[in-house]
Amino acid sequence: MIDVQHVTKTYGKKSNKFVALDDVNLTIPDGASVAIIGKSGSGKSTLMHAMSGLDRPQDGAIVVNGDDILKLKPKKVDAFRAEQMSFIFQAFFVQANETCYDNVSLPLEIAKVSRGQRKPKVLAALKAVGLEDKVKSKAKDLSGGQKQRLAIARAIVNRPKILFADEPTGNLDSTTGDAIERLLFAINKKSGVTLVIVTHDADLAAKCDMQIQIKDGRVQSVKQRHATLTKGVK
Ligand SMILES: Nc1ncnc2c1ncn2[C@@H]1O[C@H](COP(=O)(O)OP(=O)(O)OP(=O)(O)O)[C@@H](O)[C@H]1O
């Protein structure tokens with residue numbers, strides 16, 4: 001569970017001070033698929049960075065599976081993130097000159113998984129995203145959709161509890177984007193990973209269990225599949 005309690009994040013100082021998150025409260029249950037939606041500049045990425053410990057808000061608590069990540073020392077936050085979370089970005093960020101195998105193996109190497117144990121995990125992750133026939137191909141020789149599949153394989157190989165996706169289909173044509181969406185939801189359902197997607201895409205958001213609408217750094221509404229709640233609006 002991710003429990004965001006009274007989180008406030010400001011950038012700059014004094015007259016340049018800008019409130020990017022303003023007393024944000026929300027709860028994301030384990031295994032949910034969640035869309036964070038809102039206009040450009042509303043604070044979506046700031047919220048995702050706060051929930052993943054990539055960024056530190058000045059106030060509040062972010063309790064992830066029982067630990068307030070704002071109370072952990074930076075090194076502990078890094079270890080916590082590596083153990084529990086993975087990320088997928090619009091720009092893929094795969095290593096172009098490395099093979100698919102090596103791209104997916106990297107997080108396991110960082111986690112000090114032995115070479116022998118890495119192999120079945122890497123092959124299983126590549127199979128899960130439909131890239132089993134590209135094991136030895138270099139990432140630069142893949143199509144855009146295949147690069148995003150590769151990024152997803154790399155993100156799931158460590159079996160994270162939470163998968164953050166920042167505009168995962170933003171660089172893809174609609175057919176390829178739809179296939180990536182289906183893959184993400186299939187992984188969410190099959191492995192129970194909590195899926196948190198930052199998106200401008202209303203259709204994608206509507207497919208999630210929960211839609212969190214951000215406006216001017218505040219939670220404007222939390223829509224569940226079958227009910228609409230308002231939270232954080234004063
Ligand atoms: N490092 C920073 N310094 C100052 N202001 C920042 C910084 N990062 C973000 N902001 C401001 O905080 C606000 C929220 O930014 P954020 O990136 O979270 O928006 P967003 O909703 O993700 O936007 P987009 O959809 O365009 O990616 C914006 O007004 C932005 O200008």
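Predicted, not measured: the structure shown is a model, and the values here were computed from it. For ligands, and for the atoms within them, numbers begin at 1 and follow the listed sequence. Quick note: numbers below take in every heavy atom, side chains included, and nothing from hydrogens, waters or symmetry partners.
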Practice task
Starting from the C-alpha separation in whole Å, work towards a yes-or-no answer on salt bridge (charged side-chain N to carboxylate O under 4.0 Å, His left out) for Lys75 and Asp78.
Solution key: CA-CA 5 Å; Lys75 271 201 168 163; Asp78 291 345; over 6 Å; no
Practice task
Classify the angle between the aromatic ring planes of Phe87 and Phe89 as parallel (below 30°), tilted (30 to 60°) or perpendicular (above 60°).
Solution key: parallel
Handout entry: Pairwise distance CG(Leu131) to CG(Leu126) - rounded to 0.5 angstrom
Key = 6.0 Å
Completion exercise
Pocket residues around ligand 1 (non-hydrogen, under 4.0 Å) come out as Tyr11, Phe18, Ala20, Lys39, Ser40, Gly41, Ser42, Gly43, Lys44, Ser45, Thr46, His200
Exercise for the section: Kindly compute the distance separating SG (Cys100) from CZ (Arg154), expressed to the nearest 0.5 Å. Expected result: 11.0 Å
Practice task
Ignoring hydrogens and angles, state whether a donor on the side chain of Asp23 or Thr8 is under 3.5 Å from an acceptor on the partner side chain.
Solution key: no
Handout entry: Sequence neighbours excluded - side-chain hydrogen bond (donor to acceptor under 3.5 Å, both in side chains) pairs with any residue from residues 139-152
Key = Asn97-Lys140, Ser143-Gln146
